[in-house]
Amino acid sequence: MSRVAGGPSKKSSSRTMATKNMIIDEFKRRLRDNIKSLNDNFFHIIQAAKVSPDDNAYKNQTGKMTEFYTTKNEMAVRAQLMVRASDELLRLTTDLKEFLILHDFHFLTHNIKSAEAQCEDELRKQSQFHQAIDSDVSNMLLDLEREIGENFYLRHT
């Protein structure tokens, strides 16, 4: 037995990571497919909404009505496909939240601490930069005041 008391074995850990990677890949696939569906259907709805400048297609009344109902039905189907893709995206966000809540407390904690440390470092750098600029500006002001005092004030002789 290669298990340490209270800790998971390496085999179990690698299996868990493989499972997480598979789940994440599935999430990526779902996201990609739904976004593609939204984009494609939106493009086709806009394309179907364009009016054809060809007057020959509208010479007979039956042709006009046939094209109108065909376009109308195509747009309705494409709109429904967009609604379905949007619903799938909402489900995906719910699944992602659930996955993060149930599986990645350690990962989230690590990322939050890392982000906090990065913010503190950036704040420290910005604070030092601000202090350096403040010091430079103060020195410049003192030099300007001294220069003005030496050269422009009336001197008593």
Side-chain angles (χ1 to χ4, degrees), residues 1-140:
M1 289 196 193
S2 65
R3 277 181 63 131
V4 177
S9 68
K10 284 187 178 187
K11 191 179 235 183
S12 173
S13 176
S14 65
R15 193 176 316 137
T16 302
M17 286 304 293
T19 303
K20 284 182 183 179
N21 286 336
M22 286 176 35
I23 291 171
I24 290 170
D25 287 342
E26 175 66 16
F27 287 158
K28 286 179 183 177
R29 184 197 59 77
R30 287 171 57 190
L31 177 66
R32 200 173 28 250
D33 291 348
N34 288 318
I35 294 296
K36 185 178 183 322
S37 175
L38 280 171
N39 285 332
D40 289 347
N41 287 308
F42 182 74
F43 173 77
H44 287 292
I45 285 174
I46 296 300
Q47 194 173 21
K50 291 181 181 176
V51 177
S52 173
D54 185 21
D55 290 331
N56 293 333
Y58 298 111
K59 284 189 178 175
N60 92 23
Q61 196 67 12
T62 307
K64 279 188 198 178
M65 294 307 291
T66 303
E67 185 175 345
F68 168 75
Y69 282 111
T70 302
T71 303
K72 178 183 161 203
N73 289 335
E74 178 187 357
M75 290 176 126
V77 168
R78 291 198 179 275
Q80 178 57 37
L81 290 172
M82 288 178 69
V83 169
R84 180 189 292 165
S86 299
D87 189 45
E88 284 294 321
L89 286 172
L90 286 173
R91 270 193 231 126
L92 177 63
T93 56
T94 302
D95 291 347
L96 278 167
K97 289 175 187 176
E98 181 180 304
F99 175 78
L100 288 173
I101 288 170
L102 295 178
H103 293 97
D104 278 346
F105 279 121
H106 177 69
F107 176 75
L108 290 173
T109 302
H110 175 70
N111 280 350
I112 289 170
K113 286 182 180 179
S114 173
E116 285 176 348
Q118 188 177 8
C119 269
E120 287 174 2
D121 288 344
E122 187 64 29
L123 180 64
R124 194 175 314 108
K125 287 177 188 176
Q126 292 297 326
S127 179
Q128 290 171 352
F129 182 70
H130 177 266
Q131 288 174 352
I133 288 176
D134 188 39
S135 174
D136 289 346
V137 168
S138 294
N139 289 336
M140 285 181 200

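From a predicted model like this one, the values you see are computed outputs, not experimental measurements.
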Query raised in the report: Do K72 and F68 have side chains that get closer than 4.5 Å, going by heavy atoms?
Result: yes
Query raised in the report: Will you find, in the side chains of E122 and Q126, an N or O donor that is under 3.5 Å from an N or O acceptor?
Result: yes
Query raised in the report: If you measure from CG on D121 to CD on E116, what distance do you get to the nearest 0.5 Å?
Result: 12.0 Å
Query raised in the report: Mind checking whether E26 and R30 have side chains closer than 4.5 Å, heavy atoms only?
Result: yes
**Report entry** S135 OG to M140 CE distance, which is reported to the nearest 0.5 Å
**Finding:** 10.0 Å
Query raised in the report: What are the two closest non-hydrogen atoms of L90 and T93, and how far apart are they?
Result: O-OG1, 2.6 Å
Query raised in the report: Taking side chain as C-beta onward, heavy atoms only, is T70 less than 4.5 Å from E67?
Result: no
Query - Set of residues satisfying ring pair (Phe, Tyr, Trp, His ring centres under 6.0 Å) with respect to F27, sequence neighbours excluded - result: F99
Query - Residue pair N41 / V77, side-chain heavy-atom distance below 4.5 Å - result: no
Report summary line: CG (L31) and CD1 (I24) are apart, to the nearest 0.5 Å, by 13.0 Å
Requested in this report: With rounding to the nearest 0.5 Å, note down the distance linking CG in L92 to OG in S86.
Outcome: 12.0 Å
Query raised in the report: In terms of side-chain geometry, is the basic nitrogen of R29 or D33 positioned less than 4.0 Å from the acidic oxygen of its partner?
Result: yes
**Report entry** Approximate separation, where rounding is to 0.5 Å, of Q131 CD and D136 CG
**Finding:** 12.0 Å
Query raised in the report: Nearest 0.5 Å, what's the CD1-CD distance between I133 and Q128?
Result: 12.5 Å
Query raised in the report: Looking at side-chain heavy atoms only, is the closest gap between L89 and L38 below 4.5 Å?
Result: yes
Query raised in the report: Should the pair D87-R91 be classified as a salt bridge under the 4.0 Å nitrogen-to-oxygen rule?
Result: yes
Query raised in the report: With a 4.5 Å heavy-atom cut-off, do R78 and E74 have their side chains touching?
Result: yes
Report task. Name all pairs fulfilling the salt bridge (charged side-chain N to carboxylate O under 4.0 Å, His left out) condition that reach into residues 35-44, sequence neighbours left out, sorted by first residue then second. Result -> K36-D40
Query raised in the report: Can you tell me if CD on Q47 sees more than 12 non-hydrogen neighbours from other groups inside 6.0 Å?
Result: yes
